[in-house]
Amino acid sequence: MENNRKKLIAGNWKMNKLSSEIGDYVNSLCKLIPTDSETILCVNHVSLENALALTRDTKIEISAQDVSKNMHGAYTGEVSAEMLSDIGVKYCLVGHSERRSYHSESDLDVNIKIKRLLSVGISPIICIGESLELRQKGEAISYTNSQVKTVLEGLSPNELEKCLIAYEPIWAIGTGISATNEEAEEMCREIREYISVLYSKEVAEKILILYGGSMNTKNCEDLLKMENIDGGLIGGASLKTEDFSKIILSAIREQK
Ligand code: PGA
């Protein structure tokens, strides 16, 4: 490996698992991975406190899956960045394609959410990625560049260093059709390159860029060995500890 970045695996449970199921999951996962392996689990809002308590003595970090773009007030049903930080959450997904397509979230919304999170010390895991249509038109790179520009607008280099990026092509999410390692590498490299244009090479070299979209026990090794892929955001394959642990172990091997 030619860089000093770690390889990080995050599991995105989406709207799966009950709070009462987390204890068994964490016990099982901890038996399957080294005690010092840093991993993130993105859990639903009502399970956050329980998940935080159950992982307190582990290296597993708990992430929320979304945050309100509003600070506080009359926004029934929403959860603010301050509320997440108050219970000890350290990470939060923003701009997941499911939020974008089912809740019409725009890059501008994502930018506001990122700023809310950073203002209370939570690291955003920023999801970007193109549709199949854009890819087929040859516009994947220009599209993700425009996403990067808008979602990072107004962030200082110091703030950017607290963020993670997840490149998740929409056509690969939950479809079983992953990007090939070359396709994913090309996109992650381009995103890094563009960040170096917007910020500096130094900042771009530090930021972790994860790949997400049907990463599983079979393709993880090929994807994780790529220079610009610093880990994975895993949906379906994070639901069973047997599979998720194999992906984590693969990332540990590639880090060496
Ligand atoms: P998937 O989901 O691994 O099930 O494709 C990834 C994600 O949506 O973050």
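As the structure lists them, so they are numbered: ligands from 1, and atoms in each ligand from 1. Values in this document were obtained by computation on a predicted structure and should not be read as measured data. Here, residue 1 is the first one in the sequence, and each next residue gets the next number.
Note on ring orientation: taking the six-membered ring where Trp is involved, the planes of Phe244 and Tyr25 are tilted (angle from 30° to 60°).
Look at Lys113 and Asp66 and you find a salt bridge, because one of the NZ, NE, NH1 or NH2 atoms lies within 4.0 Å of a carboxylate O, short of that distance. A salt bridge links Arg5 with Glu205; the closest basic N to acidic carboxylate O contact falls under 4.0 Å.
For the side chain to side chain contact (heavy atoms under 4.5 Å, CB included) with Val110, the qualifying choice from Ile112, Ile114, Leu108 is Ile114, the only one to do so. Among Lys149, Arg99, Arg100, the single residue meeting the salt bridge (charged side-chain N to carboxylate O under 4.0 Å, His left out) criterion with Asp107 is Arg100.
Within 4.0 Å of ligand 1, protein heavy atoms belong to Asn12, Lys14, His96, Glu168, Ala172, Ile173, Gly174, Gly213, Ser214, Leu233, Ile234, Gly235, Gly236, listed by chain and number.
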Dump the intermediate steps for side chain to side chain contact (heavy atoms under 4.5 Å, CB included) on Ile125 and Ile40, then the final yes or no.
CA-CA 10 Å; Ile125 306 173; Ile40 300 176; 4.3 Å; yes
